[in-house]
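Below: the structure, in structure tokens.
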Number of protein chains: 2
Amino acid sequence: MSEKRQVLIETAFKLFYQKGVHALGINEILAETGIAKKTLYNHFASKNELISAVVAYRDKCFCDWLEGELNKAAPGIARINALFDALDDWFNDRAEVLLPFRGCFFINVSGEFSDPADPVHQQCMKHKDNIAALIKKQVGTLGIDVDQVERLTDSLCLLKEGAIVLAHVQGDKRAALKAKKSAEVMVRSVRK
Amino acid sequence: MSEKRQVLIETAFKLFYQKGVHALGINEILAETGIAKKTLYNHFASKNELISAVVAYRDKCFCDWLEGELNKAAPGIARINALFDALDDWFNDRAEVLLPFRGCFFINVSGEFSDPADPVHQQCMKHKDNIAALIKKQVGTLGIDVDQVERLTDSLCLLKEGAIVLAHVQGDKRAALKAKKSAEVMVRSVRK
DNA sequence: TTGAAAGGAGACCGATCTGTCTATTTGCGA
DNA sequence: TCGCAAATAGACAGATCGGTCTCCTTTCAA
């Protein structure tokens with residue numbers, strides 16, 4: 001993995017996240033990086049391949065960050081709280097590794113590649129599945145029934161995605177804290 | 001309001017929703033409608049003005065549809081249920097006026113115009129505010145305290161947006177029904 | 001019939017897009 | 001120093017973009 005390739009991916013991510021994938025041309029990535037066009041095409045067969053690599057990069061980046069945040073908390077209810085605290089940090093630009101908040105890259109990209117059969121859309125779907133699995137793992141530490149694990153995981157994923165949309169589209173900086181309150185209600189309901 | 005203008009808006013909406021706003025060029029709208037470019041520019045000063053008109057059109061279209069669905073139910077809990085039943089219809093392509101489900105147009109467009117200061121993004125924000133107000137109105141028919149109205153409205157909006165994202169990005173056709181179950185828990189918690 | 005508004009065909013413009021390619025330079029290890 | 005891999009500058013190609021404009025046609029009301 002060459003350094004030039006990584007620079008291209010990271011810069012492309014930054015610009016795609018700011019301006020949207022289709023609104024940004026590769027020439028702007030090249031201008032920002034100072035890398036030659038031939039080099040870009042040495043590393044990626046096409047713009048679409050670059051997009052794909054960028055989505056994979058962000059997937060890893062985000063999952064690593066979230067997992068790290070969750071693992072800072074003790075297993076159990078603290079991890080559920082940590083999920084929404086992490087979101088709160090992200091929405092309020094306190095998660096530096098994730099860059100300034102501009103919504104969820106995977107939601108945004110899914111909107112630009114809205115056909116579910118599109119490979120890029122498929123990648124975004126997979127990312128969401130990865131995060132759901134991570135959340136389910138934390139819910140599993142609550143010591144509740146298996147069917148309740150499923151149900152609570154669903155609820156938390158709904159609240160998580162809802163919070164992201166409220167934070168981005170409506171600019172609601174408190175969306176994560178609102179979602180956290182709702183999550184508390186959900187947790188109580190599966191524990192009684 | 002001329003018929004040509006309306007045809008342009010409706011066709012543009014259909015194509016923007018399928019392909020994304022930046023990925024679609026105006027020439028394709030013209031090809032699909034058989035309308036001359038000069039006519040398009042007679043009605044809209046620029047592509048951006050067309051986009052703006054399209055967002056406004058969909059805003060009205062969606063709000064009218066949702067309000068209609070909600071008003072079919074009796075005031076009170078039935079209206080909360082109707083919200084999620086309506087979403088279920090939408091996600092599963094049973095709401096013909098809304099066209100085949102490709103996620104929420106406003107979320108998708110916000111992703112493409114992710115700077116919150118952008119006028120188009122502002123329009124999407126306003127749409128979400130309109131829907132939240134509509135939901136709040138239904139919650140108001142439950143006969144609960146004012147502060148609980150606020151809280152429940154927040155929860156329902158979170159679940160609604162979450163369901164849309166799960167339905168679109170993850171292709172979860174049952175997302176609305178899952179959200180409905182969570183909503184039931186939330187309603188119970190403010191009523192006890 | 002006339003004139004104005006609306007609309008059309010399509011050429012044109014400058015800009016930008018994604019991708020290809022030639023000639024050259026740079027960096028590094030043997 | 002040499003040879004090879006990586007990278008560069010930048011020209012080029014065909015296509016498309018959003019928008020402008022001329023000349024012409026159609027529609028409709030007076």
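This is a predicted model, so every value here is computed, not measured. Each chain gets a letter, A, B and so on, in the order its sequence line appears, and its residues count up from 1.
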Original post:
In whole Å, what is the span from the CD1 atom of I26(A) to the P atom of dC17(D)?
Top reply: 17 Å
Subject >> B/S/- contact track for nucleotides 3-15 of chain D, protein heavy atom under 4.0 Å >> reply: ----SB-------
**OP:** Could you please name the option among dG19(D), dT18(C), dC17(D) that lies closest to any side-chain atom of N27(A)?
**Re:** dT18(C)
**OP:** Mark yes or no for whether T39(B), through its side chain, and I35(B), through its backbone, hold a donor-acceptor pair below 3.5 Å.
**Re:** no
Original post:
Taking CD from E49(A) and P from dG19(C), how many angstroms apart are they, rounded to a whole number?
Top reply: 10 Å
Subject >> Separation of atom CG in L50(B) from atom P in dC17(D), rounded to whole Å >> reply: 14 Å
**OP:** Could you tell me the separation between the OH atom of Y41(B) and the P atom of dG18(D), rounded to a whole number of Å?
**Re:** 6 Å
Original post:
Between L15(B) (CG) and dC17(D) (P), how many Å, whole number?
Top reply: 12 Å
Original post:
Which one of Q18(A), H168(A), R102(A), K19(A) satisfies the side chain to side chain donor-acceptor pair (under 3.5 Å) criterion with S114(B)?
Top reply: R102(A)
**OP:** Mind checking I29(A) for me? I need base, sugar-phosphate or nothing, with any heavy atom below 4.0 Å counting as a touch.
**Re:** nothing
Original post:
Roughly how many Å is it from NZ in K19(B) to P in dT16(D), rounded to a whole number?
Top reply: 12 Å
**OP:** Kindly say whether D147(A) contributes a backbone atom to a donor-acceptor pair with the side chain of D145(A) at under 3.5 angstrom?
**Re:** no
Original post:
Donor-acceptor pair, Q138(A) side chain versus L134(A) backbone, under 3.5 Å?
Top reply: yes
Original post:
With distance as the sole test, does T141(A) use its side chain to make a donor-acceptor pair with the main-chain N or O of P75(A) at under 3.5 Å?
Top reply: no
**OP:** Just jot down the side-chain contact (heavy atoms from CB on, under 4.5 Å) partners of D89(A), sequence neighbours excluded, or say none.
**Re:** E69(A), R94(A)
**OP:** Take the protein atom CG of L40(A) and the nucleotide atom P of dT20(C), then report the distance between them rounded to whole Å.
**Re:** 11 Å
**OP:** Measure the distance from NE2 on H22(A) to C1' on dC17(D) and round it to the nearest whole Å.
**Re:** 14 Å
